[in-house]
Protein chains: 2
Amino acid sequence: MKGRDVTIAEVARHAGVAVSTVSYVLSGKRAISAETRRRVLDSVRALGYHPNAGARALASKRANVIALVLPLRAGMHVPVLMQFATSVVTAARSFDHDVLLLTADEGTDGIRRAAASALVDGLILMDIEEHDERVPVLRELSEPTVLIGFPADSAGLTCVDLDFEAAGKLCVAHLAGRGHREIALLGAPAVVYERGTGFARRTRSGFADAIEARGLSGVALPCEEGFDDVRVTVKQLLADHPQVTGLVVHNEAAVGHVLATLRELDRQLEVVAICPDDIADRARLASVLIPAEEVGREAVRLLMEKLEGRQVPASTLLQPRLTYRRA
Amino acid sequence: MKGRDVTIAEVARHAGVAVSTVSYVLSGKRAISAETRRRVLDSVRALGYHPNAGARALASKRANVIALVLPLRAGMHVPVLMQFATSVVTAARSFDHDVLLLTADEGTDGIRRAAASALVDGLILMDIEEHDERVPVLRELSEPTVLIGFPADSAGLTCVDLDFEAAGKLCVAHLAGRGHREIALLGAPAVVYERGTGFARRTRSGFADAIEARGLSGVALPCEEGFDDVRVTVKQLLADHPQVTGLVVHNEAAVGHVLATLRELDRQLEVVAICPDDIADRARLASVLIPAEEVGREAVRLLMEKLEGRQVPASTLLQPRLTYRRA
DNA sequence: ATGGGCCGTCGAAGCGCTTCGACAAGAGGA
DNA sequence: TCCTCTTGTCGAAGCGCTTCGACGGCCCAT
């Protein structure tokens, strides 16, 4: 219910300077004497001035807003998604940008619209599939983009992600180092592989490579998320491969159920998980964590670089780290 | 990489009309002949015109963007939060608005900033506490606001939520109707009550009222979310109150663990949950669902009404519905 | 015929900001 | 001393859109 919004003209009048001077004080794009700067900033505070976002965007051709395109589909672990989202928002704020939320179910139209209307200066997309329909659209856009995840053809794009292949290898190395010769991988639900989501496949291929390179024997299975499904899968696995003593779980939702089933069967496999830290911590499990916080921050940083017109590496792979916890 | 953005002036030239005519065709705010309208729309399509959001906001004093202020704190069930968020985005899009994501950890500043800079036309806040620091800020804002949840003093505000008191009563009524005389409520983690989050308390008080009104005996306990904690809580409950035969669970994360514990103890209580449908469905449980979709949609609808300057009810309580599932 | 309305369209005035070029005034070099 | 640079500030021109008032036709009631 405060009075009408304060404009830059009122600040200028109050401080006894020209409008442009106020603008330069605020943007720092030209030298301003200390005395004038102080007067202007005092007036800004006194009047409670906030620049009008629309006017600023119109004049400067920069909205100071980026779009975050979130998926909402089966097989995504929602809390991790949320971690990404908050880290993106926080990072964006640290660059004085806001975040517009676009959901994937508006399809490519939302992306086109937000970009073409200059609503946003750039976009971050999450949960990229190998053959993602959004990717061709991005190529046509003049707005810079950063992807979290990798499509099959990433030429000309900027992508960030955990190095899941390295993560798969790291898990095998860990278990091999502790003496296991036959290792299984329990992965994402089958639908996630079918959709061609990169991270699931990449882990699996890293796993397979490492198994082969070390001359171990291994088996990789998809795994659903419900308790009963997990139970069946684990039992089947142990029946088919009784020699398995090491287990890699790459499925946040299933971790707890897998452990419960092993307890129930009284089988003492050594388990390492690829999952958020809190889940692994709760289960006292060795794990490679998904560095959602770091990925989000890095994505924003890259986008800001691109907004400044600077070159950035096409692909950024964050190296996995394994945390060992004794039970 | 397409050419520079198309402006309304180019559309006007292409269609052979005045700029204002194009604007009126697009906004529908003045009558335009069918013939002219067709020509203009053809040009719009031919040139791929998208109005510049900043210019539009500046001229019309409407950004066509609303803010969604999300919390991210302990004790909130994240998937439900996500459901709210997507339903808000979807609903907003249906009113031709976009959604700016603000996180609560920017505190009240983010709210002030977004409103004062005219970045957004209105705000929706989630996860309101009884004594929420953001509420006084909202009262000073000239932008309309809708809260999802109720603060202790909701005077002058517009709030939407599931009627949790009614939900608590409904659960008791259901169990009483099926012959139970001693009923327990397992609620949110203790911290949620301490924080004064309304929905948890309101369910508890509805529960207590219904118990008393029917002359039953009842007990209400907070409940943590980890498997082991739940196990302890349930065991304690059954030890202290061996006559309990009906159980209301108002804690999404705990539902599964409660059932597992009961199975383990071989106790056949009748359980009804207040939780999202998918969880109840998976567990084949009678439940009152949290209508996240509906709440989000309603919040947006109310906000749009307020944006139009219309009066709206101060409080909107969505009536709970109980779904009975036989196991 | 004649005037009053309505309909469809146009032109122009902003909206609040950024940024470019201009220009005093003082600093420094010759 | 004169001229050239800086440094700090100002004024004005937009940015692309909405909206207000004006106006020429046309129809209908007089």
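Throughout, a chain's letter reflects where its sequence line sits, starting with A, and its residues are numbered from 1. This one's a predicted model, so the numbers in the text were calculated from it and none came from an experiment.
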Worksheet item: What's the CG-P distance between A:D5 and C:dG16, to the nearest Å?
Response: 9 Å
Discussion item. Measuring to OP1 and OP2 of C:dT18, would you say a side-chain N or O of A:K61 lies under 4.0 angstrom away?
Written reply: no
Fill in: Euclidean distance, atom CZ of residue A:R62 to atom P of C:dG16 [Å, nearest integer]
23 Å
Item to complete: Scan A:S60 against the nucleic acid and name what it touches under 4.0 Å (heavy atoms): base, sugar-phosphate only, or nothing.
Response: sugar-phosphate
Practice prompt. Find the distance A:K29:NZ to C:dC20:P and express it as a whole number of Å.
Written response: 9 Å
Worksheet item: Whole-Å distance between C:dC15 C1' and A:E10 CD?
Response: 13 Å
Fill in: Rounded interatomic separation in angstrom, taking CG from A:N64 and P from C:dT18
10 Å
Worksheet entry | Nucleotide C:dT9, atom P - distance to CD1 of B:I32 in whole Å | 5 Å
Worksheet item: Could B:R39 and B:D42 be called an ion pair, given the rule that one side-chain N must be under 4.0 Å from one carboxylate O?
Response: no
Discussion item. Would you say A:T21 places a side-chain N or O within less than 4.0 Å of OP1 or OP2 belonging to D:dC10?
Written reply: yes
Discussion item. Quick check on DNA chain D: between B:Y24 and B:L58, whose nearest nucleotide comes earlier from the 5' end?
Written reply: B:L58
Worksheet, complete the sentence: Expected list for residues 35-52 of chain A near DNA chain C, using heavy atoms below 4.0 Å, is A:Y49, A:P51, A:N52
Discussion item. Counting neighbours of CD on B:Q319 that are heavy atoms of other residues, nucleotides or ligands and sit closer than 6.0 Å, is the number greater than 12?
Written reply: yes
Item to complete: Rounded to the nearest angstrom, tell me the gap between atom CZ in B:R30 and atom C1' in D:dC20.
Response: 7 Å
Practice prompt. Would you indicate what A:S33 reaches in the nucleic acid, counting non-hydrogen atoms under 4.0 angstrom: base, sugar-phosphate, or nothing?
Written response: sugar-phosphate
Fill in: Short side-chain N/O contact from B:S20 to OP1 or OP2 of C:dG11, under 4.0 Å
no
Worksheet entry | B:R56 CZ to C:dG16 C1', straight-line distance once rounded to whole Å | 18 Å
Item to complete: Using a heavy-atom cut-off of under 4.0 Å over every strand shown, decide if A:V19 touches base, sugar-phosphate, or nothing.
Response: base
Item to complete: Verify the neighbour count for atom CD of B:E35: are there more than 12 heavy atoms of other residues, nucleotides or ligands below 6.0 Å?
Response: yes
